[in-house]
Every structure is written in C-alpha cells, then in structure tokens.
Asker: 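If you scroll down you'll find the structure; I have some questions about it.
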Amino acid sequence: MSRVLRTTVAIVGAGPAGLVLANVLHRAGIDALVIEQRSREEVRDQARAGMVEHRVVEYLRRWGLADRLLTDGTWHGWCDVVVSGERIRLDYAAHSGGDHHCVYPQQFLLRDLLAALDDADRTPRFDSAVLDVDLTSATRARLRCAEFEVDADRVVGCDGARGVVSRSFPGNSGVQRRYPYDWLTMLADLTAPVGGIRYAVHERGFAGMMPRAGRQGRLYLEVPADEDMARWPAARVREELEVRLGEDAGIVDIGEPGVLRMRSSIARTSRHKRAFLAGDAAHVLTPSGAKGMNLAIADAADLADSLMRLYLDDDATALAGYADRRRTQARHALGFSEDLLHLLHLPPDTTDPAAELRSRRARAHRLSSPTPEAERFARTYVGSGKL
C-alpha cells in the first residue's frame, strides 16, 4: 500500500507560483507540501523569464524572500523602441513616478525560493509525478503519486496548462488564441551588459533584446507561425538580428535558438471544489510585456492571502472571490501584452508596410512623452502599486 502524507495545502508544481505560495504559507504558519515531477536540477537550471515587476519585488521583500534579488539584481527604468533604425526612448520609470523593474533571472529566484524551503525543512518532493487528483470527498482532496499519496485540505495546481490539476477541472479550456507569428528565442553573449530593453519594429519583422545577468541577453526574432526551424540556420538568425536590432546591439555569440509558439489562453475558472489554479495552469501569456512570471506570483500572493484569512482568521468566505479576481487580472495582463504585440508587429498581410511603420513610430513617440497615455503604459508595464 502507498504511504499517505498529510498536509494542509498540497501544491503541484515547483515554478514561481508554487514556490512563492509554499514559502509564504509556511512563514504564516500554514503547512504546505510541494510536489514536482521534474528533478531539482531541471527546476533550478532552466533559463526562463528575468524581469521582476516593482510590486512583485516589494511583495517578496515584505515576506523576506528578496535578499539576493535586492543584492544581485539590476534595476531598469527605460526601454527603447527602434522603428526602422530610429531609436525612441521610453522612460517608464519617470512616467510611473520612479518605479523600476528588477532584472533577476527566474532560475536565480527559484534557487532562492528552494533554499528558503530547505532551511524550513519543507523541501519539495522532486521526481514525483502526480498521477491522479481525487476531488470527490466533501472534506479532503487526495493526490496519488507512484510511491505515495497526499491527503490535503486544499490542492493548488501550479503545474502548467496541461497539468494534472488543471485536467481535473471539467470543461476548463476557456479563451485561447494563436498568433500569426512565432518568436525564435536564444541567449546571447554581448560586448556589454544590456542597459535597457530594446524592441525593434522592422518591415522584416520584430526583434527584441532583453537584459539578463552580466553580459548576457535574451534575444527574440519574429518568424512566420509554425515555421520550419531548418529554414533558420545560425548564420541567417544572426544576420536578421543585426538587421532588425542594429549592428550596435553588440552580439558576440548566440546560443542554439528555440522557438516560442505564440499562444495565449485563460482558463474558464481557477477554482473547482477544493482545488485551485495559479500561474500557467490558469493562464498562458506570450513573453510580450514580461507579465507571465509576475502574474503567476500575483496569483500566489492572492491565494496565500485568502488561505491565511481562511485558516488564521476563520473567515469562511475568504476563498469566494479568488477565481473572479484572477480571471480579471489575467484579462488585464493579456490586454496589455496584446497591445504591446500590436505595437511591435506589422500585420502579416499588410499591403502598406511604410504606413504601418509610420503608425508605430507615432505611437512610440506618444509613449515617450509625459502624457496620460504614457503614464498608463508605464505604470502597467513596470507593475506599479501593490499586489
């Protein structure tokens, strides 16, 4: 017979949402167990996002989870939009009242969060795939793994849109969209650290350069949707990056490109019986605007607050609004992401690329000026306010 582990909150998935939620619950005195199908090394070393919003930094600082981020991260408050070679500076820190992004690669943040759980003797159960989620009981939830089972009061799925918890929600596909282009993505060694994000709008397609640690950057390159990667050897990728970004991008060497199939989705609901969804299990965003990891941590913050009110304040209504709030916030983030995508990409079927470029140049100039439109963009982009 399988060994049965008991916990108050079982969290499936050791990504940003799951690890932040586990740490905050533990520090509030609520028992939580993280179960992760990947190895610790896979979780720790996979390079992903790197831009942490102002309000997310403040939330992590408040819970004592930002020490290394504050010490080793770098602060950014502007980005450039380059339209056919003309560089337009968007000083979003000035327009937002002084708020900045912190550049701190996601894998570094996950290492910090794992170390905090290790110190608390709450190390996740790695290499443990959840095979089944049983929500039939009115009083408990049961997770079945190959070597053990978990009996929990609540279950939280932080294991992606195709994760086992999400699949236990009936009819939860929600709104989905496929974009008419994909992005190639790669890490690159550069001649100097990236001073700020560079977005390039070009008649040949979008390209982007994002800061990462040291002299590394993450580069993006627009290609047609479902493109055959064999059509993009390294020499062609490098040539297109230099044409679209400009030769002053300082590219020394690029890593093996991967491809991001550009999709977005929002689940119909983030709550079903005793189970909840957070992060990519509840919504998938494109990298545009760097909202994915930040929205995942915002989900964790919201759910942690609700669970604390339930267990510590005995508030029976604490969880009632979680699904509606998260869907509203996901729609807001998706709307911003799609607005930025529209700025950065010309329509694939355009018959007048020069007119499209003029339109985007005019929009970028409006966002660079001290206007209400620029302030709204800046505050949303940097994540002003509190979670």
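As a basis for the values below, the full set of heavy atoms in this structure was taken, side chains included, without hydrogen atoms, waters or symmetry mates. Since the model is a prediction, treat every value here as computed from it, not as a measurement.
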Asker: Roughly how far, to the nearest 0.5 Å, is the CZ atom of Arg122 from the NE2 atom of His26?
Answerer: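 That separation rounds to 6.0 Å.
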Asker: For Arg361, give me all partners under side-chain hydrogen bond (donor to acceptor under 3.5 Å, both in side chains), at least two apart in sequence or on another chain.
Answerer: Glu86
Asker: Sub-3.5 Å donor-acceptor pair from the side chain of Arg198 to the main-chain atoms of Val82, do we have one?
Answerer: no
Asker: Looking at Gln216 and Ala213, would you say the former's side chain and the latter's main chain have a donor-acceptor pair under 3.5 Å?
Answerer: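 It does not hold such a pair.
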Asker: Using the test side chain to side chain contact (heavy atoms under 4.5 Å, CB included), find all partners of Asp119 that sit at least two apart in sequence or belong to another chain.
Answerer: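 For Asp119 there are no side chain to side chain contact (heavy atoms under 4.5 Å, CB included) partners, ignoring immediate neighbours.
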Asker: Picking from Val57, Val52, Leu285, Leu387, what satisfies side-chain contact (heavy atoms from CB on, under 4.5 Å) with Asn294?
Answerer: Val52
Asker: Quick check on Gln37: does its CD atom have over 12 non-hydrogen neighbours (other residues, nucleotides or ligands) under 6.0 Å away?
Answerer: no
Asker: Assess whether atom CD of Glu41 is packed by more than 12 heavy atoms of other residues, nucleotides or ligands within 6.0 Å.
Answerer: yes
Asker: Report yes if some heavy atom in the side chain of Asp313 is under 4.5 Å from a heavy atom in the side chain of Met308; otherwise report no.
Answerer: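 Contact flag for Asp313/Met308 side chains = no.
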Asker: Testing the 3.5 Å rule here: is there a donor-acceptor pair between the side chains of Arg218 and Thr185?
Answerer: yes
Asker: If we check salt bridge (Lys or Arg N to Asp or Glu O under 4.0 Å) with Asp118, which of these qualifies: Arg40, Arg111, Arg44?
Answerer: Arg40
Asker: When hydrophobic residues are tied together by side-chain contacts of less than 4.5 Å, even through go-betweens, does Ile30 share a cluster with Val12?
Answerer: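 In one cluster: no.
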Asker: To the nearest 0.5 Å, what is the distance between CG on Asp182 and CG on Asp226?
Answerer: 6.0 Å
Asker: Using modelled atom types only, decide if a donor and an acceptor are shared between the side chain of Asp305 and the backbone of Ala301 within a distance under 3.5 Å.
Answerer: no
Asker: Going from NE2 on His332 to NZ on Lys291, what distance comes out if it is rounded to the nearest 0.5 angstrom?
Answerer: 7.5 Å
Asker: Is any side-chain heavy atom of Asp99 less than 4.5 Å from a side-chain heavy atom of Trp75?
Answerer: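 They are not in side-chain contact.
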Asker: Take atom CG of Asp248 as the centre, draw a 6.0 Å sphere, and report whether it contains more than 12 heavy atoms from other residues, nucleotides or ligands.
Answerer: yes
Asker: In plain terms, say whether Glu356 and Arg360 are close enough for a salt bridge, that is, a side-chain N and a carboxylate O under 4.0 Å apart.
Answerer: yes
Asker: So do Ser264 and Tyr179 actually touch side chain to side chain, heavy atoms under 4.5 Å?
Answerer: yes
Asker: Any ion pair linking Glu338 and Arg177 (charged N to carboxylate O, less than 4.0 Å)?
Answerer: yes
Asker: Within the side chain of Ser359, is there an N or O that forms a donor-acceptor pair under 3.5 Å with the backbone of Ala355?
Answerer: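 Not confirmed, Ser359 side chain does not pair with Ala355 backbone.
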Asker: At what distance, to the nearest 0.5 angstrom, does SG of Cys158 lie from CD of Glu36?
Answerer: 10.5 Å
Asker: Let's go through Val165 and Val156 carefully: what are the C-alpha distance in whole Å and the side-chain angles of both, what is the deciding distance for side-chain contact (heavy atoms from CB on, under 4.5 Å) to 0.1 Å, and is it a yes or a no?
Answerer: CA-CA 8 Å; Val165 182; Val156 184; over 6 Å; no
Asker: Does Arg68 have more than 12 heavy atoms from other residues, nucleotides or ligands lying within 6.0 Å of its CZ?
Answerer: no
Asker: Got a second to check how far Ile88's CD1 is from Asp80's CG, nearest 0.5 Å?
Answerer: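 The CD1 atom of Ile88 sits 9.0 Å away from the CG atom of Asp80.
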Asker: Answer yes or no: does atom CG of Asp314 have more than 12 heavy-atom neighbours from other residues, nucleotides or ligands under 6.0 Å?
Answerer: no
Asker: Are any non-hydrogen side-chain atoms of Arg125 and Leu33 less than 4.5 angstrom apart?
Answerer: yes
Asker: Is the shortest side-chain heavy-atom distance between Met51 and Val103 below 4.5 Å?
Answerer: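 Yes, their side chains come closer than 4.5 Å.
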Asker: One pair to check against side-chain contact (heavy atoms from CB on, under 4.5 Å): Thr191 and Val252. What are the steps and the verdict?
Answerer: CA-CA 6 Å; Thr191 56; Val252 176; 3.6 Å; yes
Asker: Can you confirm whether Leu90 sits close enough to His95 that some side-chain heavy atom of one is under 4.5 Å from a side-chain heavy atom of the other?
Answerer: no
Asker: To the nearest 0.5 Å, what is the distance between CZ on Arg204 and CG on Leu346?
Answerer: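 These two atoms lie 13.0 Å from each other.
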Asker: Side chains of Phe276 and Leu319: closer than 4.5 Å at any heavy-atom pair?
Answerer: yes
Asker: Where does the angle between the aromatic ring planes of Tyr104 and Phe108 fall among parallel (under 30°), tilted (30 to 60°) and perpendicular (over 60°)?
Answerer: perpendicular
Asker: Should Val20 and Trp63 be marked as a side-chain contact (heavy atoms from CB on, under 4.5 Å) after you check the CA-CA gap, both sets of side-chain angles, and the distance that decides it?
Answerer: CA-CA 10 Å; Val20 168; Trp63 283 98; over 6 Å; no
Asker: With salt bridge (Lys or Arg N to Asp or Glu O under 4.0 Å) as the test, pick out the partner of Asp302 among Arg325, Lys386, Arg309.
Answerer: Arg325
Asker: Once side-chain hydrogen bond (donor to acceptor under 3.5 Å, both in side chains) is applied, what residue pairs with a partner in residues 271-286 remain, sequence neighbours excluded?
Answerer: Asp153-Arg274, His283-Asp299, Thr286-Ser337
Asker: Between Glu242 and Arg238, is there a side-chain N and carboxylate O pair less than 4.0 Å apart?
Answerer: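 Yes.
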Asker: Quick one, Asp91 and Ser368 - any side-chain contact, counting heavy atoms below 4.5 Å?
Answerer: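 Result no, sub-4.5 Å side-chain heavy-atom pair not found.
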Asker: Please walk me through it: do Arg142 and Val150 pass side-chain contact (heavy atoms from CB on, under 4.5 Å)?
Answerer: CA-CA 6 Å; Arg142 178 64 67 93; Val150 180; 5.8 Å; no
Asker: Using a side-chain heavy atom cutoff under 4.5 Å and only I, L, V, M, F, W and Y, what cluster partners does Val243 have?
Answerer: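 Besides Val243, the hydrophobic cluster comprises nothing; the residue is isolated.
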Asker: Quick check on ring pair (Phe, Tyr, Trp, His ring centres under 6.0 Å): which of Trp78, Tyr381, Phe377 does Tyr92 satisfy it with?
Answerer: Tyr381
Asker: If you link I, L, V, M, F, W and Y whenever their side-chain heavy atoms are under 4.5 Å apart, who else ends up in the same group as Val194?
Answerer: Leu184, Met186, Leu190, Met209, Leu219, Leu221, Val223, Met229, Trp232, Val237, Leu241, Leu245, Ile251, Ile254, Val259
Asker: Would you mind listing every ring-ring contact (aromatic ring centres under 6.0 Å, His included) that reaches into residues 338-359, with sequence neighbours excluded?
Answerer: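 Listed once each, the pairs are Tyr181-His345, Trp183-His345, Phe206-His345.
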Asker: Is the closest basic N to carboxylate O distance between Glu58 and Arg55 below 4.0 Å?
Answerer: no
Asker: Salt-bridged, Arg167 to Asp159, with N to O below 4.0 Å?
Answerer: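 No, Arg167 and Asp159 are not salt-bridged.
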